[in-house]
Amino acid sequence: VQLQASGGGLAQAGGSLRLSCVASGNIFSIAGMAWYRQAPGKEREWVAVISRGGIATYADFVKGRFTISGDNAKNTVYLQINSLKPDDTAVYYCNARYVVTTGGNSGTDYWGKGTLVTVSS
């Protein structure tokens with residue numbers, strides 16, 4: 001199982017970005033997918049998670065600016081970030097939780113390499 005995040009880049013404060021993450025491999029189902037971020041010099045922090053059933057949960061700091069969504073058929077999760085702030089500058093990582101493969105195997109906590117978001121003031 002591999003995860004590929006994309007959509008990062010340089011953006012101005014107040015702008016928006018939409019991140020995508022595609023999980024590939026012999027995937028039968030994914031229980032949930034999440035986004036984390038790691039700012040320079042800081043520890044990785046959880047941003048949001050969405051279950052296979054579409055229930056989304058967010059970290060407190062999101063404050064309505066972030067929206068996570070998913071497409072089960074495409075094994076894809078999105079993160080819409082609005083009203084960007086310089087503090088949002090970070091590498092954003094996607095995470096797949098409890099993946100079941102077509103071969104009947106299962107595993108937890110798969111990570112992508114991340115996509116860099118840089119917000120200028």
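Note: hydrogens, waters and symmetry copies are ignored here, and every other heavy atom, side chains too, is used.
When all heavy atoms of Asp109 and Asn95 are compared, the pair lying nearest together is OD1-ND2, 3.3 Å. Gly114 and Ala5 get closest at one heavy-atom pair: C-CB, 4.3 Å. Here the shortest heavy-atom pairing between Gly112 and Tyr93 reads O-CD2, 3.5 Å. Closest approach of Cys94 and Leu3 over heavy atoms only: SG-CD2, 3.5 Å. Closest approach of Gly9 and Leu17 over heavy atoms only: O-CD1, 4.2 Å. Pairing each heavy atom of Thr89 with each of Pro40, the nearest pair is O-CD, 3.8 Å.
Taken together through direct or relayed side-chain contacts under 4.5 Å among Ile, Leu, Val, Met, Phe, Trp and Tyr, Val100 and Val49 form parts of separate hydrophobic clusters. In the hydrophobic clustering of ILVMFWY residues, with side-chain heavy atoms under 4.5 Å counting as a link, Val1 and Trp35 come out together. Taking hydrophobic clusters as Ile, Leu, Val, Met, Phe, Trp and Tyr residues chained together by side-chain heavy-atom distances below 4.5 Å, Tyr36 shares a cluster with Leu116.
Take Asn82 and apply the side-chain hydrogen bond (donor to acceptor under 3.5 Å, both in side chains) test, not counting sequence neighbours, and it matches Ser16, Gln80. With sequence neighbours excluded, the residues satisfying side-chain hydrogen bond (donor to acceptor under 3.5 Å, both in side chains) with Glu45 are Arg37.
Between Tyr98 atom OH and Ser29 atom OG the span is 8.0 Å, to the nearest 0.5 Å. Annotation: the span from Asn72 atom CG to Met33 atom CE amounts to 9.5 Å, rounded to 0.5 Å. For the atom pair OH of Tyr78 and CG of Asp71, the computed distance is 5.0 Å after rounding to the nearest 0.5 Å. In this structure, CZ in Arg97 is found 16.0 Å from CZ in Arg52, a value given to the nearest 0.5 Å. Distance OG1/Thr115 to CD/Gln4: 8.5 Å, rounded to 0.5 Å. Rounding to the nearest 0.5 angstrom, the gap separating the OG1 atom in Thr101 from the CD1 atom in Ile30 is 11.5 Å.
Within 6.0 Å of atom CD in Gln12, 12 or fewer heavy atoms from other residues, nucleotides or ligands are found, so the atom counts as exposed in its surroundings. Heavy-atom contacts from other residues, nucleotides or ligands closer than 6.0 Å to CZ of Phe28 number 12 or fewer.
Side-chain atoms of Trp111 do not come within 3.5 Å of backbone N or O of Lys113 as any donor-acceptor pair. At distances below 3.5 Å, at least one donor-acceptor pair connects side-chain atoms of Tyr58 with backbone N or O atoms of Ile68. Arg65 places a side-chain N or O within donor-acceptor distance of the main-chain N or O of Ser83, the cut-off being under 3.5 Å.
Classified by interplanar angle (parallel below 30°, tilted 30° to 60°, perpendicular above 60°), the ring pair Tyr92/Phe66 is tilted.
Counting Ile, Leu, Val, Met, Phe, Trp and Tyr side chains that sit under 4.5 Å apart, directly or through other members, Ile55 stands alone, with no cluster partners.
The one candidate from Leu19, Ile81, Leu79 that meets the side-chain contact (heavy atoms from CB on, under 4.5 Å) condition with Val47 is Leu79.
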inquiry  = Under the criterion side-chain contact (heavy atoms from CB on, under 4.5 Å), I'd like the reasoning laid out for Asn75 against Val22: C-alpha separation, chi angles, the key distance, then a yes or no.
reply    = CA-CA 6 Å; Asn75 293 322; Val22 180; 5.5 Å; no

